[in-house]
There are 2 protein chains.
Amino acid sequence: MATIGDVARAAGVSRSTVSYALSGNRTISRETRERIDAAIRSLGFTPNAGARALKTSRTMVLALLLRFHADEFAPAMLEYVLPVTDVAREHGYDILLMTEEDGAAALNRVTRSGMVDGVVLLDVTHADPRLAALREAARPGVLIGVPGDAAGLDVFDLDFGEAARMLVDHLHQLGHEDLVLVTPPRHVFERGGAYAWRFRDAAVERAARYGLRVTTHHGESRQPAVTGTLHEILDARPEATAVVVHNDASIAALPAVLHGRGVVVPRDLSVVSLYSKHFGEAFSLPYTAIETSPDTLARLALERLVKRIELAGDAGTPVVRFVDPDLVDRGSTARR
Amino acid sequence: MATIGDVARAAGVSRSTVSYALSGNRTISRETRERIDAAIRSLGFTPNAGARALKTSRTMVLALLLRFHADEFAPAMLEYVLPVTDVAREHGYDILLMTEEDGAAALNRVTRSGMVDGVVLLDVTHADPRLAALREAARPGVLIGVPGDAAGLDVFDLDFGEAARMLVDHLHQLGHEDLVLVTPPRHVFERGGAYAWRFRDAAVERAARYGLRVTTHHGESRQPAVTGTLHEILDARPEATAVVVHNDASIAALPAVLHGRGVVVPRDLSVVSLYSKHFGEAFSLPYTAIETSPDTLARLALERLVKRIELAGDAGTPVVRFVDPDLVDRGSTARR
DNA sequence: CTGAAAGCGCTTACAG
DNA sequence: CTGAAAGCGCTTACAG
């Protein structure tokens, strides 16, 4: 592969002149620049990334750390991976995708070896084992998902509490007094997925304020348990007039389950949920829902991270930012 | 961050000795090795990736090139991304995820800058614009998906022709004589997604051999077109006794569509399809199907690529490998 | 069993 | 407006 020396020779200039032409950090005469550009094109020269990183301590690569659990319902994951990658490219960064079980070790490895300029942590949990590694790391990071202790870290997430309140308000205004709430699976709570209890607690609290009855159940993440559990949940509280579903696998299975029971929405039952736009489209979900935008979250987080990298410490105090929920009414609720 | 010099100083040895201790390319006395190990641990030393790459011309990073189309049905994509990443790690490689629109440019950039040791091309089309770049590149690559001209390239894919024949045989043995085939959307054919016509052509040919009637239609990739088109397809050929679905979005929507029409499977209609194991689980699909294994494909492709990298040209002649389809009978077909 | 030195391909002060 | 030189952090032949 062509080196800067090859370009310099072909253009009849020094290597430093080629470097300055590349960076634009020096005024270069028009003829010289043209000879250099021609040489670069004809040689197909692209600066060696390793050499550049060695010299500048910048790689223009960001690590994206995923936690991928075998028991997880996967389709929603790509919703974050794609926008993170796209926004990174907009800023000139590539994405190193890390899916290792031991996220803290992966973070240490990639950060200590200087492979990346920063890291994005997805699916952050309450006591996330990656955070200690991140705090010690010589590279900045940004979280999507809220940890128990966010001290010193930039955090972005949907406002799940507000989302729950909006949905409960919506049902309350329609006169519903007996709700069923399907939460994420038990293992999400146990693992410390704070979004799960932020949503649940806010929903329960809001319902209590209005004097509504709420029956709470864990959904499942894999079939056939998803469908079976939904039936049990519906059987357990036949008086309920509305169901709030905060679980991708359950909401995806709900149309078939309700169809099988002869339940017509919203005539017999009102349904509200929370899911991402693309997810809803992929599964053709017809429900009134908080429609999340992983794209927005990814963009906010990435831009914050890029700022931290480029301002090297002068990016100000850490930010915890909750994105406003957006309710889309699809007519799956009716007045009681 | 700690450098090899810091480790050498702390251990009281030369930098080269530390390097040899790291690589194991030299016998080191036990005491020396212990001092070095202690220094590495206490300093949290990890060799600088850029420096190492500069010296060795190896980065231990692989590029994974995705084509992500806005009109595509996304859930299946992650099925490849995750196993590719996992298998890469098993072999000591990290994955650089590239989703740029201009795949050839991305390939050139990453390959000429020496950022990666090899590339994995996903979703390869008949006249894939990335192939010219790959053939010129100074790095090996491997394809998942079959191009029109595979000369000089390692190619892996499911045997879609055989998959189609197996499904048609299955229906023929049950006495079906009037089939409907739902193919991938029109734009997949136009884009050159060879798997689409390899499946369709084989199905049509096999049916003709048995004297079966086949009516072929394009499925859609996004709602609400998916559902609407499925209804049209079923309306257009009420005499058909079986349907073969080769389209993720359509098969995911089919249960609801059939339910809505009061069609009971397999009593009124036999259904067979082709989809990946995880996809089928996510959508709770109850159909007899060729169950693809992106994991297997990813592993075969990755191991081939790693071999090419590590044997540097001595990996033998290029391979085109079609993986055998695997039919899982879920009882969605009945005798006619 | 260990060390001193060269060199990978860049960038950037220093000098003119 | 341009060039010669140092140095980033490694690995590995060369030498002992």
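Here the structure is a predicted model, which is why all the values come from computation and not from measurement. Below, chain A is the first sequence line, B the second, and so on; all start at residue 1.
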> A/T3 near the nucleic acid: base, sugar-phosphate alone, or nothing, with a heavy-atom cut-off under 4.0 Å?
Replying inline: sugar-phosphate
> With nearest nucleotides of DNA chain C determined for B/A51 and B/V13 from heavy-atom distances, which residue corresponds to the more 5′ nucleotide?
Replying inline: B/V13
>> Rounded to whole Å, how long is the line connecting atom CG of B/L43 with atom P of D/dC10?
In response: 12 Å
>> Can you identify which nucleotide, out of C/dT11, D/dT11, C/dC10, has its nearest atom closest to the B/K55 side chain?
In response: D/dT11
> Tell me: CD1 of A/I36 to C1' of D/dG3, nearest whole Å?
Replying inline: 12 Å
>> Within the 3.5 Å criterion, strictly below it, is a donor on B/T46 or A/N108 matched to an acceptor on the partner's side chain?
In response: no
> Considering all heavy atoms of both residues, which atom of A/G145 and which atom of A/D157 are nearest to each other, and what is their separation?
Replying inline: CA-OD2, 3.4 Å
> Closest nucleotide of DNA chain C for B/S29 versus for A/I4: which of these residues is on the 5' side?
Replying inline: B/S29
> How close or far is atom P of D/dG9 from atom CG of B/N48, stated in whole angstroms?
Replying inline: 7 Å
>> Looking only at the side chain of A/I28 (C-beta and beyond, no hydrogens), which of the listed nucleotides D/dT2, C/dA4, D/dA6 gets closest?
In response: D/dT2
> Counting only Watson-Crick or G-U wobble pairs whose two distances fall under 3.5 Å, which nucleotide matches C/dA13?
Replying inline: none
> Checking all strands, does A/T56 fall into the base, sugar-phosphate, or nothing category for heavy-atom contacts under 4.0 angstrom?
Replying inline: sugar-phosphate
> Taking only N and O in the side chain of B/T27, is any of them less than 4.0 Å away from OP1 or OP2 of C/dC1?
Replying inline: yes
>> Using OP1 and OP2 only, check whether a side-chain N or O of A/R52 sits under 4.0 Å from C/dG9.
In response: no
>> Under a 3.5 Å cutoff, is there a donor and acceptor pairing between the side chains of A/S19 and A/S16?
In response: no
>> Could you identify the nucleotide paired to C/dA4, looking across every strand shown and requiring Watson-Crick or G-U wobble geometry with both distances under 3.5 Å?
In response: none
> Is there a donor on the side chain of B/R26 or the base of C/dT2 sitting less than 3.5 Å from an acceptor on the other?
Replying inline: yes
>> Distance check needed: D/dG3 C1' versus A/R15 CZ, whole Å only.
In response: 11 Å
> Which is true for B/S23 with a 4.0 Å heavy-atom rule: it touches a base, it touches only sugar-phosphate, or it touches nothing?
Replying inline: nothing
>> Expressed as a whole number of angstroms, how long is the span from B/L22:CG to D/dG9:C1'?
In response: 12 Å
> Can you tell me how far P of D/dT12 sits from OH of B/Y20, to the nearest Å?
Replying inline: 7 Å
> Under 4.0 Å: is that the gap between some side-chain N or O of B/N25 and OP1 or OP2 of D/dT11?
Replying inline: no
> Going by heavy atoms in the side chains, are B/L158 and B/Y195 under 4.5 Å from each other?
Replying inline: no
> So do the side chains of B/I144 and B/V124 get within less than 4.5 Å of each other, counting heavy atoms only?
Replying inline: no
> If you look at every strand shown and take non-hydrogen atoms under 4.0 Å, does B/S16 touch a base, only sugar-phosphate, or nothing?
Replying inline: base
>> Using whole Å, what does the distance between atom C1' of nucleotide D/dG7 and atom CG of A/L54 come to?
In response: 9 Å
>> Tell me the closest heavy-atom pair linking B/L143 and B/L134, and the distance in Å.
In response: CD2-CD2, 3.8 Å
> Is there a side-chain polar atom (N or O) of B/T17 under 4.0 Å from OP1 or OP2 of C/dG3?
Replying inline: yes
> What nucleotide among C/dC10, D/dC10, C/dG3 has an atom nearest to a side-chain atom of A/F45?
Replying inline: C/dC10
>> What is the distance, to the nearest angstrom, from the CG atom on A/D6 to the P atom on C/dG9?
In response: 8 Å
